[in-house]
Amino acid sequence: MRVPEDKIEAYYDALSAFWHPVARSADLVESPLGVRLLDRRLVLARLEGEAVAFEDLCRHLGAALSIGDVVEGCHLRCRYHGWSYDRTGRCVDIPARRGRPIPREAKVRRFHTREAYGIVWVCLAGEPQHDIPPFPEYRDEEFHKGPLRTYGPWRASVPRVVMAALDDTHFPWVHPGILGDPSQPDPPEHEVWREDGRLLSTYTMLQPDNDTVASGEDRPALEKVTYTNHLTPTSIRLVKESAAGTYVIWQASSPISWDETLVFSYQARTFDRGADRDPDYERLQDEIQEQDRPVVESQRPWLLPPLSSRMMLYIRPADLPLISYQKWLEELGIPQQL
Ligand code: FES
Ligand code: FE
């Protein structure tokens, strides 16, 4: 199914007002890093200790600055003819023109950049209109945090990826024996509401025994768990309460393009707090992601179709969280695809 160019452009425009994760802070050390966001090539660099994002395009003859060098920790130098840019994006050295003034136009476009949770975030709009997706457990000592991980890129749009984490009625089908039980396909009762510009949903269900829901001896085959999901249009934080304690998955999706999504993810838990246990939790998460991936990548159209089109036949009450999320995107003017 072809996607009209104007729909893609409108989608990029709408998402450009949000902060998006683009790289691990730890990966931004001595060399520049080329990334793609909303189909735009960016170069990231750490200049004078600050993470910066520029258009990945030298103002001289258009070479990619991401294949250049960071010089003395403060300038980004193009590999082609050695033009150097400072952290504001202004050109400060043209080796073939030393001793003469540098043209005023010799600068590259700089985008808003921030660092939070060990991640570099970029907003492409003139002024960011939203906050970085909250992750309160990051600094909460009650929680042990696993390492930052990335998944993908998946061949899917960001809303499809977020909805895969929001939707629980697929658990018995896609994650049998881990998150759901095929003999219990009845959906839980969902409550969905808005708060402080976010969407929240909660539900209680029975989940098969796994490390994230139970601990100790005599674990029952099915454990009662309550999820509370906190959403922004591009992220989800799943907070799961069970006999084991509180287990959190935080996922922020980066729209590399309209049909490619990279997920930055953390796990946090109040129990089983040893870092030596992290690989077991990572394996479980990897398995779940790999079960989701082929299904999500198979979904069409790539961008969500408008609710009014009835191209997706939601059922109530089971799909209430998904309907609410999609309605919310429509209200925020994030375009859909017919
Ligand atoms: Fe970058 Fe010439 S293209 S210095
Ligand atoms: Fe899933």
Side-chain angles (χ1 to χ4, degrees), residues 32 34 41-43 45 54-71 75-86 89-98 100 102-103 105-109 149 151-152 154 156 158-182 184-185 187-188 190 201 203 205 207-208 210 212-213 225 227 229 231 235-238 240 247-251 253 261 263 265 267 281-299 318-319 321-322 325:
R41 287 196 314 167
L42 304 177
V43 55
F54 299 142
E55 191 109 53
D56 192 8
L57 190 77
C58 178
R59 190 69 172 87
H60 182 212
L61 299 186
L65 292 169
S66 53
I67 58 168
D69 298 294
V70 172
V71 184
H75 294 142
L76 178 58
R77 187 173 63 198
C78 180
R79 182 154 151 194
Y80 208 176
H81 313 91
W83 288 30
S84 286
Y85 299 89
D86 70 8
R90 202 167 52 91
C91 180
V92 292
D93 185 32
I94 298 180
R97 196 182 152 89
R98 287 208 174 118
R100 280 191 281 161
I102 290 172
E105 305 84 354
K107 56 183 181 207
V108 285
R109 180 158 174 205
R149 313 200 65 215
Y151 291 100
W154 286 13
V158 160
R160 294 282 195 190
V161 173
V162 173
M163 285 168 94
L166 174 63
D167 174 47
D168 54 89
T169 59
H170 74 281
F171 287 178
W173 303 101
V174 181
H175 312 297
I178 304 178
L179 297 179
D181 177 0
Q184 315 233 3
H190 301 105
S201 76
Y203 53 90
M205 69 190 308
Q207 201 159 80
N210 69 64
T212 70
V213 299
V225 302
Y227 280 86
N229 300 327
L231 288 106
S235 77
I236 182 165
R237 178 165 61 95
L238 301 109
K240 180 159 74 176
Y247 177 75
V248 176
I249 293 183
W250 178 89
Q251 288 189 350
S253 299
T261 298
V263 175
S265 175
Q267 302 184 40
Y281 286 90
E282 286 169 13
R283 262 192 297 277
L284 182 66
Q285 199 50 32
D286 288 354
E287 188 180 350
I288 292 168
Q289 294 273 340
E290 275 317 302
Q291 289 173 332
D292 279 325
R293 180 181 177 134
V295 182
V296 175
E297 291 190 335
S298 78
Q299 287 181 287
D319 294 331
L322 305 181
Y325 171 74

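Order of appearance sets the numbers: ligands from 1, and atoms from 1 within every ligand. No hydrogens, no waters, no symmetry mates; every other heavy atom, side chains included, goes into these values.
- Between Arg77 and Asp93 there is no salt bridge, since none of the side-chain N atoms of the basic residue sits less than 4.0 Å from a carboxylate O of the acidic one.
- Take the Fe ion (ligand 2) as the corner point: the lines to NE2 of His170 and to OD1 of Asp292 open at 100°, to the nearest 10 degrees.
- Only protein atoms were considered; those of element N, O or S under 2.8 Å from atom 1 (Fe) of ligand 1 number 2.
- Between His75 and Asp69, the side chains place no donor N or O within less than 3.5 Å of an acceptor N or O (distance only, hydrogens not considered).
- Arg283 and Tyr281 form no side-chain donor-acceptor contact under 3.5 Å, judged by distance and modelled atom types alone.
- Using modelled atom types, one finds no donor on one side chain facing an acceptor on the other under 3.5 Å when comparing Glu290 with Tyr151.
- Within a 6.0 Å radius of CZ in Arg293, more than 12 heavy atoms belonging to other residues, nucleotides or ligands are found.
- Residue His175 approaches the Fe ion (ligand 2) most closely through its N/O/S atom NE2.
- When all heavy atoms of Cys58 and Trp83 are compared, the pair lying nearest together is SG-CB, 4.5 Å.
- Qualifying side-chain contact (heavy atoms from CB on, under 4.5 Å) partners for Asp319, counting only residues two or more places apart in sequence or in other chains: Thr169, Tyr314, Ile315, Leu322, Ile323.
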